[in-house]
Structure formats: structure tokens, C-alpha cells
Amino acid sequence: MYTFSPKLKSTSIILLVVGLVLFGIGFFLNKGISTEKIEQMMEAVHASGHNAPTHSSEMVGPQDHAAHLEHAELQVHNQPLASLHFVAVFFFGVSCAVLFFYCIQHAAHAGWPIIITRVMEAIASYIPYGGAILIILMLLNIFHQGHLFHWMDPDLTDPNSAHFDVILFEKKRFLNIPFYAFRTFLYVIGASFFAWKLKAQSKKVDDTKSKVEYQFLYRWAVGYIVFFGFCSAAWAWDWLMSIDPHWYSTMYIWYSMVSCLSSGIAVIILISVYLKKNGFLPQFNDNHLHDLGVFLFATSMLWTYTWFAQFMLYWYANVPEEVNYFFGRFQHYSPTFLPMLIINFLLPLLVLVSSSIKRNYKVVTVMAVVVILGHILDYFNMVMPGTVGPYWKTPEVFILILGSILFIVGLFMFTVMTALSKLKLIPTGNPFLHESEIYEYPF
């Protein structure tokens, strides 16, 4: 039985509190930015010669100075919600992707990962808490306390408005506030239900050691795979891609999901190695670490494939209203957009390609941290250009982002490790436990 150490618990609470304080400081600094200051920031951007739009709305409606200033004000004051949004979506996606990975193992009747199934169940325990944050963000947006989602402005679908946008008018059957709210509740409640049900069924398998109960665990795992397959695509549309509702990509749903899946495997590695090094999970060995390293390497390469395929298709087609998505990132986010390929592709490729290195605890855990940081940067590049635009190189943004990351990481750590302390680490009722205990990679 794992015991949540007071030191680690204190660390998680400190992270949570410091994150809240930093976010509060950044919030009040942001609210103190005057219209005159924003106008100066806008003129500085225009004077730099970087005029590529970061959002499709910049090409619709009036194009005079007043309209540009209004848009800049919305972008600057989006900084707090946007900073929290991308981190919240990322960690919710990570916990859901870990549960997906867990269900794949049960559906495949895989023996090797049974030793770490409790780790995956504990990570999935974050789902309702991360979902609650996303529901709060959703409510703030639909009540117009934020402007992350441009399509929520009713003027854009009013044919009599000067800001009328015919593309959004045609999409409003899907992009409308009541349906968006319903879908958000569906994703959060559905994922929370599956997290609870799978944990409860796994405990029942331990208590009864019944193959019939294990069969029910298998069926619920298949059910979550179906749920995740549809809903992870839909929440990528709703929470990420609809930030710029003129632009769309058929690769985007896989791209955003694989980013979370790779990070989720990295989190599994970190917690499993932590338990091993502290004597709570002695059954975890080099062979389990090797297989997790294989998945970390494979998902990193899959992420690179989806990133490149998405980018190449738009570059090759050269459709002006579509490639603006990338032009804005090249011009305004050049320090983060392409350099993240070094973290998310090049480093995993060079370090994890060796089979023997995948058995090195220090190297694999360092790479797990690198992958998580790299994909946080990936989600930053998904959200910030369309919400904050070119106004991200300010002290307020860095304070807000640091505060958001510390707060969510603290909450994630506290929730996951608390859940882990309430679980029996070894699933003694699972019929594949012995196979996992004696598992040895054959090559």
C-alpha cells in the first residue's frame, strides 16, 4: 500500500498555492493595462512589419483603426483565460489518454502492464477535477466573461450586423452556445463516469477474483475506447480548433490526442519509477520500463508524423485563407512554434532509439519530463496565437502561464497521489498478474 508522503503532499500544496498567487498577480496586472498601452502595443506590432493575422476574424468586418484596436483589446485581455485554458485542456486530455491506454491493455488482454494498472487508475482520478475547471472556463466564455471563442459573439451570425461572418453563420448549427455547453458537460461527465466505473470494476475483480467480473472489466474498457474515440475528436474541435473557426484540419484531432497520449505515457513512467525507487513497487523492473520507453518513443514519432502531415498538406495546397494559420505562427511565435520539434521529435529520436537506453531509469525519466514540457509547449502553440495573438511577449503572460502550470500541476499531483494512496498497488485478482510479474522482454 502506497503512503502519500508528507513532503510530497506539502510540495503539491505549495505548487497549487504559489500557482494561484502568481495567476492572481498576472490577472490584476493584465486588468491594469490601459487602452492607450494596448494601442501602443498594436502600433509596435504593425511597425515591425509582421502583419500576418493569427486569427480568421481579423480578415472579416471593418478594417479601420477602431476595429483593429477593439480586436487588440480583446486579445490582450484574453491573456488570463487563455493561459489557464491551454494548461487545463492539456492535463484533462493527459488523464483521459492514460485511461484510454489502460483500456487498450485490457481490451488486448496484455499481460506486461498489469503491474502498473493502479498507476493508470490513479492518473485517471484527475479527470473529474480537471473537467470541473473546464466547465468553469466554459461558463465564463458563454457568459462573455472571456473572449476565447470568437464564434460566441452574436453579432457575427446576425446578417444585419457590420461584423456578419457568413462562414460562422453556416456553421452555427454546430457552433452555438447551447450545443457547445451540452457537449462540454457530455465530455466531462462521460469521462468521469468511465474513470469511476473502471476503477470500481477493477476493485471488484480484486475482491472476487472472478473471471466473470474480469469480463465485465473488459467490456467497460471497450466501451471507454469507443467513447474516447469520438469525444477526444469532438473536444479537440470544441476546445481547440474552434478558437479559429474559419480554419480546420482533418489531422488535428489525431495531432492533439497523440500529444496527450505521449505525455500520458511519460506521466506513467515518472510515477512508476518514483514508486519503484521508494520501495512501493518492487515488481516494476527494467522490462516494464523498456516497454513504456517503446511507447514513449513510438507516440513521439506518431506525433511528429501528424504534425508534418498537417503542415505539409497546407503548404502543398497553398490555400491563402488556410495557410494564414501557419503564417501567423511563423511571424509572431517563431521562438516556440518550430523549435518545439527539437523537444518533441529530435530528442526522443536521438535518445530513445536504442533498446538498451530504454532500460536506463535516469535517462528515461529525464526524457519523460522533456516530453511533457514539449507537449505543454505544443498546446501553448495551439491556443495562444488564436486567442492572444502577437501580444504574448509581456511579463503578465509569463506570470499567468507559470501560475497556471504550477496550479494545475499541484492539483494534478495532489489528486493522483491521494488516489494512489487509497488503492491496492498490486491487482491481485487480475488473471494476467503472474504474466506481468515474470515478464521479460525477449530481445
Side-chain angles (χ1 to χ4, degrees), residues 11-33 54 74-97 123 126-141 145-149 184 188 235-236 238-240 243 256 259-260 263-264 266-267 270 333 335-337 340 343 369-416:
T11 301
S12 64
I13 294 172
I14 289 169
L15 289 174
L16 197 155
V17 173
V18 171
L20 275 177
V21 171
L22 287 175
F23 186 84
I25 292 170
F27 178 83
F28 286 110
L29 287 174
N30 175 267
K31 291 303 175 185
I33 300 176
T54 53
L74 290 172
Q75 287 183 317
V76 169
H77 291 306
N78 271 340
Q79 291 172 358
L81 277 188
S83 300
L84 183 57
H85 181 78
F86 86 84
V87 183
V89 173
F90 174 74
F91 276 93
F92 178 82
V94 165
S95 53
C96 289
I123 295 169
Y126 174 77
I127 289 174
Y129 301 94
I133 295 172
L134 290 170
I135 287 174
I136 292 169
L137 291 173
M138 178 267 292
L139 293 173
L140 289 172
N141 279 289
Q145 301 303 307
H147 201 78
L148 298 186
F149 301 99
T184 297
V188 172
W235 75 53
D238 284 334
W239 297 338
L240 299 170
I243 285 171
S256 61
S259 189
C260 289
S263 302
V267 173
L270 292 177
Y333 285 77
T336 63
F337 186 57
M340 74 175 175
I343 308 173
V369 173
V370 167
V371 166
I372 293 168
L373 293 176
H375 287 295
I376 289 175
L377 185 61
D378 182 22
Y379 266 65
F380 170 89
N381 286 319
M382 289 188 208
V383 172
M384 298 300 277
T387 54
V388 174
Y391 309 109
W392 67 280
K393 296 178 182 178
T394 65
E396 296 85 10
V397 171
F398 290 104
I399 293 172
L400 286 164
I401 290 174
L402 181 60
S404 298
I405 291 174
L406 293 180
F407 169 70
I408 297 294
V409 168
L411 179 63
F412 184 85
M413 185 189 301
F414 184 84
T415 304
V416 170

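Fair warning: this is a prediction, and the values are worked out from it, not measured in the lab.
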*Can you check side chain to side chain contact (heavy atoms under 4.5 Å, CB included) on I343 and V370, steps first, answer last?*
CA-CA 7 Å; I343 308 173; V370 167; 3.5 Å; yes
_Minimal non-hydrogen separation, I243 against W239, with atom names_ = CD1-O, 3.8 Å
*S95 (side chain) donor-acceptor with F92 (main chain) under 3.5 angstrom*: yes
*Rounded to the nearest 0.5 Å, what separation is found between the OH atom of Y333 and the NZ atom of K393?*
9.5 Å
Solution key, residues 23-32 side-chain donor-acceptor pairs under 3.5 Å, sequence neighbours excluded:
unit_1	atom_1	unit_2	atom_2	d
N30	OD1	H77	ND1	3.4
N30	ND2	V76	O	2.8
N30	ND2	Q79	OE1	2.8

*So, do Y379 and F86 have ring centers that fall under 6.0 Å from each other?*
no
*asked:* Could you measure the distance from the CD1 atom of I13 to the CE atom of M413? Nearest 0.5 Å is fine.
replied: 11.0 Å
*asked:* What verdict does the side chain to side chain contact (heavy atoms under 4.5 Å, CB included) test give for L240 and V89, after you've listed the backbone C-alpha separation in whole Å, the side-chain angles of each residue and the deciding distance to 0.1 Å?
replied: CA-CA 9 Å; L240 299 170; V89 173; 4.2 Å; yes
*asked:* Rounded to the nearest 0.5 Å, what separates atom CD in Q75 from atom OH in Y391?
replied: 6.0 Å
Just distance, no hydrogens or angles: give the donor-acceptor pairs under 3.5 Å from side chains in residues 127-139, sequence neighbours left out.
none

_Under 3.5 Å, is there a donor on one side chain and an acceptor on the other for S263 and H375?_
no
*Are the side chain of D378 and the backbone N or O of S259 linked by a donor-acceptor pair below 3.5 Å?*
no
*asked:* Can you confirm whether or not the ring centre of H85 sits under 6.0 Å from the ring centre of F149?
replied: yes
*Dump the intermediate steps for side chain to side chain contact (heavy atoms under 4.5 Å, CB included) on L15 and F407, then the final yes or no.*
CA-CA 6 Å; L15 289 174; F407 169 70; over 6 Å; no
_Side chain proximity check, L406 to L16, heavy atoms < 4.5 angstrom_ = no
*Are side-chain heavy atoms of L84 and I408 found at a separation under 4.5 Å?*
yes
*Just one of L411, V267, I376 clears the side-chain contact (heavy atoms from CB on, under 4.5 Å) bar with F91, so which one?*
I376
_Quick check against the 3.5 Å criterion: does N78 have a side-chain atom that pairs as donor or acceptor with the backbone of H147?_
yes
*asked:* I'd like to know if the side chain of N381 reaches the main chain of L377, judged simply by a donor and an acceptor atom lying under 3.5 Å from each other, with no hydrogens or angles considered.
replied: yes
